[in-house]
Novice: 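The structure under discussion is supplied below as structure tokens; questions concerning it will follow.
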There are 2 protein chains.
Amino acid sequence: MTLPTHERIKLHALKLFAQKGYFGTSLNDVATMVGIKKPSLYAHYKNKDDLYQSILKELMDLFSKRVSLSSIQLEQLSTKELLYLFTNKIVDFWKDDTLGLLYKRTVLFPEEKFRTTIQEQFLQTEAYTTDILYSILEKGQQQGDIPKQPFEPLIHAYYCLIDGLFVQRFLYSSSDYDVKVKHAFEHFWKATEIGVEK
Amino acid sequence: MTLPTHERIKLHALKLFAQKGYFGTSLNDVATMVGIKKPSLYAHYKNKDDLYQSILKELMDLFSKRVSLSSIQLEQLSTKELLYLFTNKIVDFWKDDTLGLLYKRTVLFPEEKFRTTIQEQFLQTEAYTTDILYSILEKGQQQGDIPKQPFEPLIHAYYCLIDGLFVQRFLYSSSDYDVKVKHAFEHFWKATEIGVEK
DNA sequence: CCTACCGATCGGTAGG
DNA sequence: CCTACCGATCGGTAGG
């Protein structure tokens with residue numbers, strides 16, 4: 001309640017856009033949740049699109065921030081531990097009931113009007129995670145945790161793992177999701193480290 | 001044009017529901033595409049929900065039909081070939097621009113009103129594919145193509161592969177999707193057959 | 001299969 | 001931040 005009105009609008013709109021999508025969310029709903037009337041929204045945002053865009057921007061920024069690894073983690077953990085930690089940071093973001101849901105909607109069903117913008121933001125975010133992934137894998141090869149192998153197929157397979165866990169978060173949203181994450185990750189890792197003497 | 005009207009309605013509605021979703025599709029749109037006026041639809045379907053439900057039913061039935069393996073295939077192919085064929089049958093269904101799109105919408109964003117129905121139909125379809133999967137894996141173990149191992153983690157990992165490919169179909173809808181499928185599948189298979197002497 | 005119409009709701013504006 | 005209102009569109013019905 002101490003937040004400025006335009007922040008409260010953004011917060012409630014975020015929740016509604018996540019739950020009901022762009023067209024499913026009416027400005028009347030938003031205003032009601034904030035405790036004001038619909039026309040008053042226009043004092044803070046130019047229109048519905050303006051409000052929506054500002055929320056998408058925040059979503060992608062938050063994702064990048066939440067999945068990044070600290071340099072301490074990068075130095076002290078083994079390759080497998082690092083990769084598992086990284087995987088879980090991404091998975092944890094999707095576990096967020098609001099952010100995860102909005103992320104799913106946005107990435108899988110971009111509104112026609114914002115398609116280009118969303119695509120750009122997504123590719124930027126993906127490039128960011130790919131960088132982290134590369135640094136983990138390169139360090140792993142140097143330390144002998146994983147054998148020498150072409151990175152491209154490996155990264156395809158990893159993204160497939162990540163995307164699979166993304167879907168399963170929503171398909172099987174249950175207490176044993178963590179078990180599924182572990183199983184799928186262990187299977188991925190088994191193939192990754194093949195050839196290394198233990 | 002030779003099709004009965006209620007079939008033509010269903011066909012155009014399927015396309016529209018896939019592209020624009022339940023709320024994004026108006027009965028006016030449907031009627032216009034069929035070449036009649038909106039109120040005439042009610043001579044063939046009770047209402048919008050009735051039309052939508054009958055389409056969902058058809059979608060799930062088609063999926064089951066398309067992914068099933070023939071007994072000839074089951075007998076003559078190796079375990080790896082069988083699993084790859086099965087994977088590609090599923091992937092091919094998603095490649096269908098209309099059916100794949102509607103499947104994605106329905107499974108990932110079930111309309112609140114039909115949530116229970118959709119959930120049931122999905123679980124039924126999943127049980128069907130799990131049966132096929134089991135029969136492939138069991139035969140593979142008997143023939144020594146894959147080592148003895150608990151099936152549960154393996155099936156989790158496989159579904160994660162499948163769900164990952166499901167997302168990637170829509171994220172990277174491009175000419176090199178087939179390459180990504182191959183990479184991800186090979187990585188999965190590498191971990192699956194570990195321990196077998198070749 | 002049609003015309004004519006219903007109440008409800010949408011995003012957005014005027015004017016204060 | 002409000003009241004009052006706009007044109008457009010929604011699913012659905014009456015009556016033929």
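Letters A, B, ... mirror the listed sequences (proteins, then strands); counts begin at 1.
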Novice: A/Y177 ring centre to A/K182 NZ or CZ under 6.0 Å, with the angle to the axis within 45°?
Specialist: no
Novice: Using a cutoff of under 3.5 Å, can you pull out all pairs of nitrogen or oxygen atoms linking the protein to nucleotides 5-12 of chain C, with atom names and distances?
Specialist:
{"from": "C/dC10", "atom 1": "OP1", "to": "A/S26", "atom 2": "OG", "distance (Å)": "3.1"}
{"from": "C/dG11", "atom 1": "OP1", "to": "A/T25", "atom 2": "O", "distance (Å)": "3.3"}
{"from": "C/dG11", "atom 1": "OP1", "to": "A/K48", "atom 2": "NZ", "distance (Å)": "2.7"}
{"from": "C/dG11", "atom 1": "OP2", "to": "A/L27", "atom 2": "N", "distance (Å)": "3.0"}
{"from": "C/dG11", "atom 1": "N7", "to": "A/K38", "atom 2": "NZ", "distance (Å)": "2.8"}
{"from": "C/dG12", "atom 1": "OP2", "to": "A/Y42", "atom 2": "OH", "distance (Å)": "3.1"}
{"from": "C/dG12", "atom 1": "OP2", "to": "A/K48", "atom 2": "N", "distance (Å)": "3.0"}
{"from": "C/dG12", "atom 1": "O5'", "to": "A/Y42", "atom 2": "OH", "distance (Å)": "3.3"}
{"from": "C/dG12", "atom 1": "N7", "to": "A/K38", "atom 2": "NZ", "distance (Å)": "3.4"}
{"from": "C/dG12", "atom 1": "O6", "to": "A/K38", "atom 2": "NZ", "distance (Å)": "3.1"}

Novice: State whether A/F93 and A/K65 meet the cation-pi test: NZ (Lys) or CZ (Arg) under 6.0 Å from the six-membered ring centroid, and within 45° of the perpendicular axis.
Specialist: no
Novice: Within this structure, what is the NZ-to-P distance between B/K37 and C/dC2, rounded to whole angstrom?
Specialist: 7 Å
Novice: On a heavy-atom basis, which atom in B/V167 and which in A/F166 lie closest, and how many Å separate them?
Specialist: CG2-CD2, 4.3 Å
Novice: Taking atom types as modelled, is there a side-chain donor on A/D50 or A/Y42 under 3.5 Å from an acceptor on the other?
Specialist: no
Novice: Is the closest basic N to carboxylate O distance between B/D145 and B/K139 below 4.0 Å?
Specialist: no
Novice: Output yes when B/K10 and B/E58 qualify as a salt bridge under the 4.0 Å nitrogen-oxygen rule, no when they do not.
Specialist: yes
Novice: What base-paired stems does DNA chain C take part in, with at least 3 consecutive Watson-Crick or G-U wobble pairs and both distances under 3.5 Å?
Specialist: C:1-16 with D:1-16
Novice: Got a salt bridge between B/E193 and B/K80, using NZ or NE/NH1/NH2 to carboxylate O under 4.0 Å?
Specialist: no
Novice: Would you mind checking if B/D96 and B/K89 are paired as a salt bridge, meaning a charged N to carboxylate O distance below 4.0 Å?
Specialist: no
